[in-house]
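Read through the structure below, which is laid out as structure tokens, and then see the notes.
Order of the sequence lines sets the chain letters (A, B, ...), proteins ahead of strands, with each chain counted from 1.
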2 protein chains.
Amino acid sequence: MSARILVVDDEMQIRKMLRIALRSVGYEVTEADSVESGLAALVRQQPDLLVLDLGLPDGDGLELLSELRSFSKVPVIVLSVRNGDSDKIKALDIGAQDYVTKPFSVEELLARVRAQLRDRLPDKTPAVLDDGYLHIDLARRLVTCKTQEVELTPKEYAVLATLAQHRQCVITQKQLLEQIWGPTHGQDSHYLRIVVSHLRQKIGDDPTEPKYLKTEAGIGYRLML
Amino acid sequence: MSARILVVDDEMQIRKMLRIALRSVGYEVTEADSVESGLAALVRQQPDLLVLDLGLPDGDGLELLSELRSFSKVPVIVLSVRNGDSDKIKALDIGAQDYVTKPFSVEELLARVRAQLRDRLPDKTPAVLDDGYLHIDLARRLVTCKTQEVELTPKEYAVLATLAQHRQCVITQKQLLEQIWGPTHGQDSHYLRIVVSHLRQKIGDDPTEPKYLKTEAGIGYRLML
DNA sequence: GAAGGGCGTAAAGAGATCGTAAAGATTGGG
DNA sequence: CCCAATCTTTACGATCTCTTTACGCCCTTC
């Protein structure tokens, strides 16, 4: 029952309040106060839920969110003083599960935390895929190929991670493009061909007879792992 | 993309607003104005998402919620004028996924609807047909034949998938052609014969005595699986 | 038993999609 | 401000898919 929750907020007072409230009902709480330390904590601790403030000293919480969505499906509750529509919509569309405006009721937040954990814990996508040759660690954002680490650019990793999150499933080009390049690039499929080409070269997959990154002509791609 | 959404609210104005907003972005919307008609609509239409007002003439929306949770996991967004903590907490703990207080921004609601549908659609219907020899996995877009993967072109898969979605039923040539080739190709039935021929070869079905892809002469085709 | 319609198959050309390399544009860090 | 990494643009050959065309079969009908 005791879930791990990461709180990313730069205001110490808020962190303290959340820490006390969340610990009092049995959660393990860890904290971070910036985009960078937040990402680091995410990778290291792999929490079950993230409470994320938007106003951070070294960048926008939304950046953190879109970054983490490339390798994790952890539920995120965004916390913000901004009550405008556009921020809410942006956050939810990037991948947040909920959005709470400050000032907020602690009891309400706890209820929303419960709702997220209740609905999402059953989901058990393994964060590591491995077949002895290719090794993909979604939590650590690490890909190794026969013990040799593979260096991937952000786009390359995003494509591979998206495919990895639905392994064996065909992901359409449109899905990949809209999720990674943005909603306006739904038909720029040449980007994808280039990235997939690079990925195949880096993981040593023969394009004419791919073992891992299979092409579904006219549809999309699929990771066999 | 087009999900079915049920709106349960007794205020006609709200229903109208939601209907217009939701339909304008491509959802199918159905409506109910009471606990009883809401439950009936839920059972009959099995929507992908429920927008639920708490104040209903014949009872509390929370009753409907707890009732429906005994037989359905459909995501629920609660809508309410009540801004008190206790209602929010109750609704979320009973099984609501989100809670929006009236008056609300339509754009925000749409974003929350998107967030719910995005997170839930993946774990929908397993959609696998299998008889030990032929295996059709509609979710993964994967067809295997005696453990051997069958490689299908987009058109071939589209035909097979359409038949699979209505297995045992006859699908007319016109239906298949218009849905897959477009509304202008309703009578180009030779396309269909060629694709079916290829499909039979690839899954090893004898055309003179087909086990899976049966021809209904003059009408269409039917998948027996 | 000949004719015609619907069906199944094969093969070739047209068209779309894919993989790749390399040059230009952007971005972020030093 | 420059450099390096990344992304975008451009180009072209290879490959796959779709369409077209052709022909043989089976059945029904006359």
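- We find that CG of A:Leu199 is positioned 13 Å from P of D:dT6, with the value rounded to whole Å.
- Contact check on B:Arg114 versus A:Asp93 returns a salt bridge, with a Lys/Arg side-chain nitrogen under 4.0 Å from an Asp/Glu carboxylate oxygen.
- Checked against D:dT17, C:dG8, C:dA10, the side chain of B:Ile194 finds its nearest nucleotide in C:dA10.
- The interatomic distance linking A:His185 (NE2) with D:dT8 (C1') rounds to 9 Å, in whole Å.
- For B:Tyr191, taking side-chain heavy atoms from C-beta onward, the closest of the listed nucleotides D:dC7, C:dC7, D:dT19 is D:dT19.
- Taking atom CG of B:Asp205 as the reference point, atom P of C:dG8 lies 11 Å away to the nearest angstrom.
- Here D:dC16 presents its P atom at 11 Å from NZ of B:Lys202, a figure rounded to the nearest Å.
- In terms of phosphate contacts, B:Thr208 brings no side-chain nitrogen or oxygen within less than 4.0 Å of OP1 or OP2 of C:dG8.
- Counting only heavy atoms from C-beta on, A:Pro207 has its side chain closest to C:dG19 among D:dT17, C:dG19, D:dT6.
- One interatomic measurement links the two molecules: CD of B:Glu156 to P of D:dT17, which rounds to 8 Å at whole-angstrom precision.
- Among the protein residues, B:Ser189 comes within range of no part of the nucleic acid, since none of its heavy atoms lies under 4.0 Å from any strand.
- Residue B:His198 contributes atom NE2, which lies 8 Å from atom C1' of C:dA10 at whole-angstrom precision.
- In this structure, A:Asp206 atom CG and C:dT20 atom C1' are separated by 14 Å, rounded to whole Å.
- Taking the ring axis of B:Tyr157 as reference, the NZ or CZ atom of B:Arg141 stays within 45° of it and closer than 6.0 Å to the ring centre.
- Contact between the side-chain N/O atoms of B:Gln173 and the OP1/OP2 oxygens of C:dC7 is found at a separation under 4.0 Å.
- Residue A:Arg193 has no polar side-chain atom (N or O) positioned under 4.0 Å from OP1 or OP2 of C:dT20.
- Between B:Thr215 and the phosphate of C:dG6, there is no side-chain N or O to OP1/OP2 separation shorter than 4.0 Å.
- The side chain of A:Ser197 places no N or O atom within less than 4.0 Å of a non-bridging phosphate oxygen (OP1 or OP2) of C:dC18.
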Q) Which is it for B:Arg4 and B:Glu28 under the salt bridge (charged side-chain N to carboxylate O under 4.0 Å, His left out) test, yes or no, and what are the steps along the way? A) CA-CA 5 Å; B:Arg4 294 193 306 278; B:Glu28 279 179 53; 5.2 Å; no

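- Between the P atom of C:dT9 and the CG atom of B:Leu213 lies a distance of 11 Å, rounded to the nearest Å.
- Between B:Arg112 and B:Glu108, at least one side-chain N (NZ, or NE/NH1/NH2) sits under 4.0 Å from a carboxylate O, which counts as a salt bridge.
- When distances are taken from the side chain of B:Lys155 to each of D:dT20, D:dT10, D:dC18, the shortest belongs to D:dC18.
- Remark: B:Trp181 is not in phosphate contact with D:dC18, judged by side-chain N or O atoms under 4.0 Å from OP1 or OP2.
- As judged by a 4.0 angstrom heavy-atom cut-off over every strand, A:Tyr221 is placed among residues touching the sugar-phosphate backbone only.
- Checked for salt-bridge contact, A:Lys88 and A:Asp98 miss the test: no charged N lies under 4.0 Å from a carboxylate O.
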